[in-house]
2 protein chains.
Amino acid sequence: MDNQQIKDAGLKVTRPREKILGILERSGRRHLSAEDVYKELLTNGDDIGLATVYRVLTQFEGAGLVCRRHFETGQSVFELNSGDHHDHLVCVRCNRVVEFVDSVIEERQSAIAAQHGFHIEDHSLVIYGVCTDCAVKG
Amino acid sequence: MDNQQIKDAGLKVTRPREKILGILERSGRRHLSAEDVYKELLTNGDDIGLATVYRVLTQFEGAGLVCRRHFETGQSVFELNSGDHHDHLVCVRCNRVVEFVDSVIEERQSAIAAQHGFHIEDHSLVIYGVCTDCAVKG
DNA sequence: TAGCAAGATGCGAAAGCTTCTCAGTTGTCT
DNA sequence: AGACAACTGAGAAGCTTTCGCATCTTGCTA
Ligand SMILES: [Mn+2]
Ligand SMILES: [Mn+2]
Ligand SMILES: [Zn+2]
Ligand SMILES: [Zn+2]
């Protein structure tokens with residue numbers, strides 16, 4: 001049950017937190033901006049402030065429940081943390097997001113970091129392009 | 001001479017443009033934020049507005065003279081366009097930046113994009129970690 | 001070289017995203 | 001139920017970046 005995840009994070013189970021987690025779990029698009037979540041709440045008739053949405057998403061991130069991504073759209077997007085790392089392909093026309101994992105790339109990254117004496121903490125790989133649908137539509 | 005690059009970009013040769021290009025060329029740190037450039041101008045006694053710095057950097061970017069990077073520091077950084085693509089390692093402690101190119105990664109990226117029917121336009125790969133110096137300092 | 005028009009500049013205002021402040025409310029534990 | 005820390009909504013504020021506009025320059029022409 002959702003509530004347990006919230007409790008395990010050391011957070012009180014409140015309506016905003018339940019609703020926001022629910023939206024992230026049930027959303028078809030897996031990558032939502034704070035504004036997206038906020039609008040979804042409004043649509044559902046929930047009277048929750050935008051500041052709370054940001055606060056909760058940040059707390060969920062701190063607790064490892066969600067991941068924050070920085071695509072080049074000007075706003076962060078959030079997704080449930082599946083536990084497995086992955087990278088992203090983003091369509092510059094329609095913003096469709098495709099996820100992928102490539103072990104060859106992961107290995108090369110470790111090698112490169114080591115080679116330069118860096119202790120890797122994280123990395124971000126985003127490929128921007130035009131998806132098939134958008135290519136067809138000209 | 002610098003002025004030619006500016007002219008070739010279809011821009012008038014003005015003091016702000018000459019100074020900003022000069023700073024990018026002479027800077028030890030190759031990756032500067034607009035604010036960094038602005039402060040450098042102030043230090044040199046040049047009375048150039050921050051808005052102009054942003055405008056000029058954006059124009060230079062459009063002309064292919066500089067590249068804009070989006071590391072996760074909250075502000076964009078700019079560097080002279082060397083003509084050769086490269087990716088970045090960034091130290092999360094001291095912000096040191098190391099550049100690298102890895103053909104294996106580049107190839108895998110093309111393959112992945114193709115595999116998902118994406119026509120690649122661009123990509124951004126940043127590895128975040130702790131550099132040797134910072135690791136030593138605890 | 002003087003004059004002109006397009007283009008550039010600096011300033012402050014404003015936009016866009018995100019965080020903060022604070023008074024009032026709610027969840028949790030006893 | 002009562003106490004208290006935690007949480008919330010609303011608006012103010014913070015930050016980076018862009019805009020609007022009156023004024024100044026550059027590059028060209030006569
Ligand atoms: Mn994802
Ligand atoms: Mn670089
Ligand atoms: Zn698309
Ligand atoms: Zn460092």
Side-chain angles (χ1 to χ4, degrees), chain A residues 1-23 31-42 44-63 65-78 95, chain B residues 1-23 31-42 44-63 65-78 95:
Chain A
M1 163 137 289
D2 293 1
N3 294 0
Q4 197 52 50
Q5 298 184 259
I6 298 176
K7 276 185 182 146
D8 291 348
L11 301 170
K12 288 186 179 174
V13 177
T14 62
R15 210 164 51 78
R17 287 177 181 152
E18 291 181 293
K19 297 291 185 180
I20 292 171
L21 191 49
I23 285 171
H31 305 82
L32 303 176
S33 67
E35 192 75 32
D36 289 335
V37 172
Y38 178 60
K39 287 203 286 240
E40 182 68 19
L41 288 166
L42 291 189
N44 300 352
D46 290 304
D47 196 10
I48 292 170
L50 181 55
T52 298
V53 174
Y54 274 105
R55 257 186 316 239
V56 169
L57 287 171
T58 301
Q59 290 160 338
F60 283 179
E61 182 189 20
L65 260 59
V66 312
C67 294
R68 184 192 301 248
R69 311 288 181 189
H70 302 272
F71 300 156
E72 296 183 18
T73 53
Q75 48 188 24
S76 303
V77 296
F78 301 81
N95 292 317
Chain B
M1 163 138 290
D2 292 2
N3 295 359
Q4 198 51 51
Q5 298 183 260
I6 297 175
K7 277 184 182 145
D8 290 349
L11 301 169
K12 289 184 178 173
V13 177
T14 63
R15 210 164 51 77
R17 286 176 181 152
E18 291 181 294
K19 298 290 186 182
I20 292 171
L21 192 48
I23 285 172
H31 305 82
L32 303 176
S33 67
E35 192 74 33
D36 289 335
V37 172
Y38 178 61
K39 286 202 287 237
E40 181 68 19
L41 288 166
L42 291 189
N44 300 351
D46 290 305
D47 197 10
I48 292 171
L50 181 56
T52 299
V53 174
Y54 274 104
R55 260 186 312 239
V56 169
L57 287 171
T58 301
Q59 290 159 337
F60 283 178
E61 182 190 20
L65 261 58
V66 312
C67 294
R68 184 193 301 248
R69 311 287 180 189
H70 302 273
F71 300 157
E72 296 184 18
T73 52
Q75 48 188 23
S76 303
V77 296
F78 300 81
N95 291 317

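Bear in mind the structure is a predicted one, so any value in this text is a computation, not a measurement. In what follows, chains carry the letters A, B, and so on, assigned in the order in which the sequence lines appear, proteins first and then strands, with residues in each chain numbered from 1.
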Requested in this report: Send over the distance from Leu41(B) CG to dT9(C) C1', rounded to a whole Å.
Outcome: 13 Å
Query raised in the report: Whole Å only: how far is the OH atom of Tyr54(A) from the P atom of dG16(C)?
Result: 13 Å
Query raised in the report: From Tyr54(B) OH over to Ile20(B) CD1, what is the distance, rounded to the nearest 0.5 angstrom?
Result: 12.0 Å
Query raised in the report: Could you state the interatomic distance from CG (Leu11(B)) to CG (Leu21(B)), rounded to the nearest 0.5 Å?
Result: 10.5 Å
Query raised in the report: For Ser33(A), does its backbone N or O pair with a side-chain atom of Asp36(A) as donor and acceptor, under 3.5 Å?
Result: yes
Requested in this report: Return the value, rounded to whole Å, for the distance between atom CG of Asn3(A) and atom C1' of dT28(C).
Outcome: 14 Å
**Report entry** Neighbours of DNA chain D within residues 10-21 of chain A, by heavy-atom distance under 4.0 Å
**Finding:** Leu11(A), Lys12(A), Thr14(A), Pro16(A), Arg17(A)
**Report entry** Spacing of Tyr38(A) atom OH relative to dG16(C) atom C1', expressed in whole Å
**Finding:** 15 Å
Query raised in the report: Could you give the CG-to-P distance, from Leu57(A) to dC20(C), as a whole number of Å?
Result: 15 Å
**Report entry** Non-hydrogen side-chain atoms of Val53(B) and Glu35(B) separated by less than 4.5 Å
**Finding:** no
Query raised in the report: Of all nucleotides in DNA chain D with an atom under 4.0 Å from a non-hydrogen atom of chain A, which is the first and which the last going 5' to 3'?
Result: dA5(D) to dG11(D)
Report summary line: The reported gap from CG in Leu42(A) to CG in Asp47(A) (rounded to nearest 0.5 angstrom) is 8.0 Å
Query raised in the report: Between Leu50(A) (CG) and dG16(C) (P), how many Å, whole number?
Result: 14 Å
Report task. Whole angstrom is fine here: how far is it from CD1 in Ile6(A) over to C1' in dT28(C)? Result -> 15 Å
Query raised in the report: Rounded to the nearest 0.5 Å, how far does NZ of Lys39(A) lie from CD1 of Ile23(A)?
Result: 12.5 Å
**Report entry** First encountered from the 5' end of DNA chain D, between Thr73(B) and Gln59(A)
**Finding:** Gln59(A)
Query raised in the report: How would you label the contact of Ser76(B) with the nucleic acid (heavy atoms, under 4.0 Å): base, sugar-phosphate, or nothing?
Result: sugar-phosphate
Query - Spacing of Glu18(B) atom CD and Gln5(B) atom CD [to the nearest 0.5 Å] - result: 11.5 Å
Query raised in the report: Please give, in whole Å, the distance from dT19(C) C1' to Arg55(A) CZ?
Result: 9 Å
**Report entry** Pairwise side-chain contact, Lys19(B) with Leu41(B), heavy-atom cut-off 4.5 Å (strictly under)
**Finding:** yes
Query raised in the report: Are the side chain of Arg17(A) and the backbone N or O of Lys12(A) linked by a donor-acceptor pair below 3.5 Å?
Result: yes
